[in-house]
Chemist: 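Have a look at this one before I ask anything.
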Amino acid sequence: MIITFPNGSTKEFDRGTKLIDIAKSLSNSLAKKVLAASVNGQSKEINAPVNEDAEVKFFTFEDKEGKHALRHTASHIMAQAIKRLYPDAKLAIGPAIDNGFYYDIDIEKRFSEEDFEKIEAEMSKIVKENLPLERFELSRDEALAFVEKDGEIYKQELIENLPDDAIISFYKQGEFTDLCAGPHVPTTGRVKQIKLLSVAGAYWRGDEKNKMLQRLYGTAFEKKTELDDYLFMLEEAKKRDHRKLGRELDLFGMMDEGPGFPFFFPKGMVIKNELLNFWREEHEKHDYEEIQTPIILNKALWERSGHWGYYRENMYTTIIDEQDYAIKPMNCPGGMLAYKRKLHSYRDLPIRTGEIGLVHRHELSGALHGLMRVRCFSQDDAHIYMTRDQIIDEIIGVIELTRHVYDLFGFKFHVELSTRPEKSMGSDEEWEMAIQSLEEALKKSELEYAINPGDGAFYGPKIDFHLEDSIGRTWQCGTIQLDFQMPEKFDLTYIGPDGEKHRPVMIHRVVFGSVERFIAILTEHFAGAFPAWLAPVQVRVLTITDRCNDRAGEIVSQLKKDGIRTEKDFRNEKIGFKIREARDQRIPYLLIIGDKEIEQNLVAVRSRKEGDLGTMPLTDFCDKLKEEIVTKQI
RNA sequence: GCCAAUGUGGCUCAGCGGUAGAGCAGCUGAUUCGUAAUCAGCAGGUCAGGGGUUCAAUUCCCCUCAUUGGCUCCA
């Protein structure tokens with residue numbers, strides 16, 4: 001048979017040759033490193049035989065597939081160790097994930113991190129035993145009988161739910177056997193470095209109506225240095241956590257008195273306001289107008305919009321003059337009323353109406369997370385009212401705007417298209433049409449996207465932009481939602497060329513998503529070292545001795561007059577100490593004023609990025625900095 | 001909301017059944033010193049809140065609240 005390799009080369013082998021032997025024929029070093037393989041795109045373990053002409057790829061730890069195989073085996077090793085230590089544990093699922101693996105386990109005993117040492121010790125025994133992993137297949141009935149005799153009820157349910165044509169495979173390592181599609185590495189000895197990281201609760205099949213299982217997270221590597229590097233990187237990433245930086249840089253924070261309701265302090269407000277100024281400039285360029293609608297509106301409005309029915313559990317309500325009111329969780333119903341205040345002509349469409357709206361949503365206490373998930377946040381909302389044939393262009397316009405903003409900060413992002421959720425209103429045809437429009441716009445914008453089934457808003461499908469935080473968790477920021485429902489509910493109209501009333505279509509969209517969340521992402525992205533245009537303090541003037549205070553004071557005044565956010569540090573401290581503190585505050589520029597500078601009428605500049613820049617005239621420095629601010633350099 | 005862990009001065013953390021300690025920050029004083037921490041002194045805590053066990057609780061137990069990591073949910 002002929003085997004084809006990724007580089008296009010081919011080679012002949014006997015039928016039934018094992019993948020590992022094929023690898024050996026290529027190179028011994030590859031054979032030592034290879035963890036998994038694929039045959040015609042299907043993942044296989046390296047002991048699997050090949051029986052016909054095929055394309056074969058080999059994966060090492062450098063590849064996602066190889067990493068997955070190794071970590072998936074690590075997950076089995078953990079399950080085996082737990083079964084040895086706690087035979088009454090029932091196993092649910094245990095996959096490899098991006099940076100490691102987990103296993104969901106049902107057991108009376110409550111695991112805590114104190115138990116990790118014991119489990120890890122048992123795991124290293126299994127690794128030392130170097131057990132081969134053997135794959136075998138069973139028919140559905142055999143498989144059911146097999147797991148039933150061990151009382152593995154979760155496996156039983158998994159098997160019952162497999163599609164009819166599924167191949168039901170098991171992997172056996174020593175006394176331990178697990179239902180699993182694979183692939184795995186050939187022996188437990190290949191998994192050299194394992195570390196358990198955390199325990200968490202997780203509902204069986206992700207449904208909160210089901211029993212909560214215990215999920216043990218861990219990670220695995222081939223080499224100790226790789227594991228150490230990973231753990232070090234995690235520690236480093238924690239230093240960039242916006243909650244920590246928010247406190248250290250005195251930007252924002254939370255109080256026990258208001259869980260999920262963030263406070264912004266003066267320096268945090270500077271960032272927020274700069275961001276909003278930027279937002280307003282960009283939106284003005286794109287022909288948006290801005291409005292503001294009230295935070296509290298009556299129940300009748302929310303019933304009309306559908307929120308009272310579909311979103312009630314997340315809404316805060318209040319009673320005014322014995323009437324029910326709700327604190328807005330979204331801006332759209334208010335926006336609808338604003339649209340309806342007068343007649344609109346088709347000539348005016350599309351109408352793009354922006355609103356920085358403060359919304360309140362009752363999020364579950366356990367879901368709160370710094371500024372990333374809060375109960376009160378500012379949405380940089382906008383509603384676009386348009387005719388049907390303007391839909392695609394408008395969506396593309398929003399995609400371009402969003403992309404432009406994210407690119408300015410150098411963000412990595414990924415895009416998802418979320419389809420109809422269970423709790424939703426409107427007809428199938430409308431949903432279908434809306435989803436198609438979004439897809440078409442995405443394709444025209446040449447954006448890669450994934451489908452996120454059932455995750456749309458109750459009134460329409462959406463395109464979501466997800467940004468990464470410091471440890472790689474992603475958060476939805478921008479979103480574009482197409483809505484045929486609200487215009488209907490609110491009887492929105494425009495007057496067409498025929499003089500008749502027509503129904504507009506609308507888009508809800510945000511670019512930052514939540515200003516708070518966006519600031520959190522920004523903080524982590526820049527590790528607190530905000531670009532000069534956003535930095536709460538752009539320049540700090542430091543004196544060498546208090547002989548210099550008068551001149552330094554003049555410099556501070558001059559900078560402030562030029563609109564540069566300036567602080568002074570005239571304390572009687574050594575210059576090294578003052579620099580250290582300013583460095584900790586991530587201030588972009590320091591001006592150091594001593595006798596020499598005064599004599600020469602210059603300023604000594606120290607940049608956060610490049611260190612000591614030497615001396616220059618104050619005006620030169622100002623011009624340079626103003627240029628950096630205006631062009632929003634990062 | 002659910003599972004687990006945590007909660008000691010502004011911050012980072014020690015401590016422990018006999019009612020609290022350090023470093024940094026703060027304040028006071030000395031020092032006037034050129035690019036990542038000058039020295040000395042002072043002050044600051046009802047040990048998250050409530051209840052219980054005990055002669056005695058910050059320490060042990062229970063409840064509540066908050067935080068952290070997940071699940072669920074979502075910008």
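Just so it is clear: chains get the letters A, B, ... in the order the sequence lines come, proteins before strands, and each one is counted from 1.
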Chemist: Going by modelled atom types, is there a donor-acceptor pair between the base of B/G1 and the side chain of A/Tyr203 at under 3.5 Å?
Modeler: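 Result: at least one qualifying N/O pair found.
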Chemist: In whole Å, what separates the C1' atom of B/U38 from that of B/G18?
Modeler: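 B/U38 and B/G18 have their C1' atoms separated by 42 Å.
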Chemist: A/Arg361 near the nucleic acid: base, sugar-phosphate alone, or nothing, with a heavy-atom cut-off under 4.0 Å?
Modeler: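 The residue A/Arg361 makes base contact.
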Chemist: Using the side-chain heavy atoms of A/Phe377, tell me which of these nucleotides is nearest: B/A66, B/G34, B/A75.
Modeler: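 The answer is B/A75.
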Chemist: In whole Å, measure the gap between the C1' atoms of B/G26 and B/C65 for me.
Modeler: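 It works out to 30 Å between them.
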Chemist: Below 4.5 Å, heavy atoms only, C-beta onward: do A/Met425 and A/Met486 meet side chain to side chain?
Modeler: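 Yes. Closest side-chain heavy atoms under 4.5 Å.
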Chemist: So, A/Glu282 versus A/His404: side-chain donor-acceptor pair below 3.5 Å or not?
Modeler: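 A/His404 and A/Glu282 do have a side-chain donor-acceptor pair below 3.5 Å.
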Chemist: Between B/C73 atom C1' and A/Asp207 atom CG, what is the distance in whole Å?
Modeler: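 My rounded result for the distance is 12 Å.
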Chemist: Heavy-atom distance under 4.5 Å between the side chains of A/Met336 and A/Met506, does that happen here?
Modeler: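 Contact flag for A/Met336/A/Met506 side chains = yes.
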Chemist: Nearest to the A/Ala367 side chain among B/A75, B/C73, B/U35, which nucleotide is it?
Modeler: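 Between B/A75, B/C73, B/U35, the one nearest the side chain of A/Ala367 would be B/C73.
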Chemist: For the C1' atoms, the ones on B/C3 and on B/G52, what distance do you get once it is rounded to whole angstrom?
Modeler: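 That atom pair is separated by 26 Å.
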Chemist: Between the protein and nucleotides 3-14 of chain B, are there any N/O to N/O pairs under 3.5 Å, and if so, what are the atom names and distances?
Modeler:
unit_1 : atom_1 : unit_2   : atom_2 : d
B/C3   : O2     : A/Gly201 : N      : 3.0
B/A4   : OP1    : A/Arg110 : NE     : 3.4
B/U12  : OP1    : A/Arg247 : NH2    : 2.9

Chemist: Return whichever of A/Ser365 or A/Thr615 has its heavy-atom-nearest nucleotide of RNA chain B closer to the 5' end.
Modeler: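 Here A/Ser365 is the residue nearer the 5' end.
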Chemist: What nucleic acid atoms does A/Lys209 come within less than 4.0 Å of, heavy atoms only: base, sugar-phosphate, or nothing?
Modeler: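 No contact.
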Chemist: Provide the distance between the two P atoms, one in B/C63 and one in B/A5, to the nearest whole Å.
Modeler: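 Going atom to atom, P in each nucleotide, I get 12 Å.
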Chemist: Would you verify whether the NZ or CZ of A/Arg215 falls within 45 degrees of the ring axis of A/Tyr102 while also being under 6.0 Å from that six-membered ring's centre?
Modeler: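 Yes, A/Arg215 sits over the ring of A/Tyr102.
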Chemist: In terms of the angle between their ring planes, are A/Phe252 and A/His242 parallel, tilted or perpendicular, with boundaries placed at 30° and 60°?
Modeler: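 If you compare the ring of A/Phe252 with that of A/His242, the planes turn out tilted.
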Chemist: Side chain of A/Glu363 only, heavy atoms from C-beta on: which candidate in B/G70, B/U35, B/A75 is closest?
Modeler: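 Selected nucleotide (nearest to the side chain): B/A75.
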Chemist: Starting the side chain at C-beta, find the nucleotide from B/A75, B/C71, B/U67 nearest to A/Val374.
Modeler: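 Minimum distance to the A/Val374 side chain belongs to B/A75.
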Chemist: Provide the distance between the two P atoms, one in B/U8 and one in B/C60, to the nearest whole Å.
Modeler: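 Those two atoms are separated by 15 Å.
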Chemist: CZ of A/Phe261 versus C1' of B/A66: gap in Å, rounded?
Modeler: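 Computing the A/Phe261:CZ to B/A66:C1' distance gives 14 Å.
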Chemist: Within 45° of the axis and under 6.0 Å from the centre of the six-membered ring of A/Tyr316, does NZ or CZ of A/Arg361 qualify?
Modeler: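 No, a cation-pi geometry is absent between A/Arg361 and A/Tyr316.
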Chemist: Of all the nucleotides listed (B/U68, B/U72, B/G70), which has the minimum atom distance to the side chain of A/Ile471?
Modeler: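 Selected nucleotide: B/G70.
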Chemist: How far does the C1' atom of B/G29 sit from the matching atom of B/U68, given to the nearest Å?
Modeler: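 So the two C1' atoms sit 43 Å from each other.
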Chemist: Output the pairing pattern of RNA chain B as a dot-bracket string, 5' first, Watson-Crick or G-U wobble with both distances under 3.5 Å, | for cross-strand pairs, [ ] for crossing pairs.
Modeler: (((((((..((((....[..)))).(((((.......))))).....(((((..]....))))))))))))....
Chemist: Calculate the interatomic distance between A/Trp204 atom CH2 and B/C2 atom C1'; express it in whole Å.
Modeler: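 Taking CH2 of A/Trp204 and C1' of B/C2, I get 18 Å after rounding.
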Chemist: Pick base, sugar-phosphate or nothing for A/Tyr217, based on heavy-atom distances below 4.0 Å to the nucleic acid.
Modeler: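 Touches sugar-phosphate only.
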Chemist: Taking atom types as modelled, is there a side-chain donor on A/Thr543 or A/Lys568 under 3.5 Å from an acceptor on the other?
Modeler: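 No, A/Lys568 and A/Thr543 have no side-chain donor paired with an acceptor closer than 3.5 Å.
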Chemist: Nearest of B/U32, B/A37, B/G34 to any side-chain atom of A/Thr545?
Modeler: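 Taking heavy atoms from C-beta onward, the closest nucleotide is B/U32.
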Chemist: Taking CD1 from A/Ile575 and P from B/A37, how many angstroms apart are they, rounded to a whole number?
Modeler: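 In whole Å, B/A37 P and A/Ile575 CD1 are 12 Å from each other.
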Chemist: Mind checking whether A/Phe409 and A/Phe518 have parallel, tilted or perpendicular rings, split at 30° and 60°?
Modeler: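 Perpendicular.
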Chemist: For A/Glu516 and for A/Glu208, locate the closest nucleotide of RNA chain B by heavy-atom distance; then report the residue assigned to the nucleotide nearer the 5' terminus.
Modeler: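 It is A/Glu208 whose nearest nucleotide is closer to the 5' end.
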Chemist: Would you call A/Ile384 and A/Tyr288 a side-chain contact if the rule is heavy atoms closer than 4.5 Å?
Modeler: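 Counting from C-beta outward, A/Ile384 and A/Tyr288 do come under 4.5 Å.
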Chemist: Which one, B/U32, B/G69, B/U72, comes nearest to the side chain of A/Leu364?
Modeler: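 Per side-chain heavy atoms of A/Leu364, the pick is B/U72.
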Chemist: Please assess A/Gln481 against A/Thr479 for the test side-chain hydrogen bond (donor to acceptor under 3.5 Å, both in side chains), listing each intermediate value before the final yes or no.
Modeler: CA-CA 6 Å; A/Gln481 310 179 351; A/Thr479 166; 3.3 Å; yes
Chemist: Determine the interatomic distance between C1' on B/C11 and the same-named atom on B/C16; round to the nearest Å.
Modeler: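 Looking at atom C1' only, B/C11 and B/C16 are 23 Å apart.
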Chemist: In whole angstrom, what separates A/His369's NE2 from B/U72's C1'?
Modeler: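 Atom-to-atom, A/His369 to B/U72, this comes out as 16 Å.
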Chemist: Do A/Phe413 and A/Thr402 have side chains that approach each other closer than 4.5 Å (heavy atoms only, starting at C-beta)?
Modeler: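 Side-chain contact under 4.5 Å: no.
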Chemist: Starting at atom CD1 of A/Ile593, determine the distance to atom P of B/U32, rounded to an integer number of angstrom.
Modeler: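 From A/Ile593 CD1 to B/U32 P: 21 Å.
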Chemist: Taking the minimum atom-to-atom distance to the side chain of A/Arg473, which one of B/U38, B/A37, B/G70 wins?
Modeler: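 The answer is B/G70.
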Chemist: What is the separation between atom CZ on A/Arg540 and atom P on B/U35, rounded to the nearest whole Å?
Modeler: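 Rounding to the nearest Å, CZ of A/Arg540 and P of B/U35 are 19 Å apart.
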Chemist: With respect to the side chain of A/Arg606, which nucleotide from B/G1, B/U68, B/U35 is positioned closest?
Modeler: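 The answer is B/U35.
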Chemist: Quick one: A/Glu573 CD to B/A25 C1', roughly how many Å, whole number?
Modeler: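 Rounding to the nearest Å, CD of A/Glu573 and C1' of B/A25 are 12 Å apart.
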Chemist: When you compare B/A40 with B/A4, how far apart are their P atoms, in angstrom units rounded to a whole number?
Modeler: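 Per the computed distance, 49 Å lies between those P atoms.
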Chemist: Can you figure out which of B/U38, B/G70, B/A75 approaches the side chain of A/Gln379 most closely?
Modeler: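 Looking only at heavy atoms from C-beta outward on A/Gln379, the closest nucleotide is B/A75.
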Chemist: Hey, does A/Trp302 have a side-chain heavy atom less than 4.5 Å from the side chain of A/Leu297?
Modeler: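 Yes, their side chains come closer than 4.5 Å.
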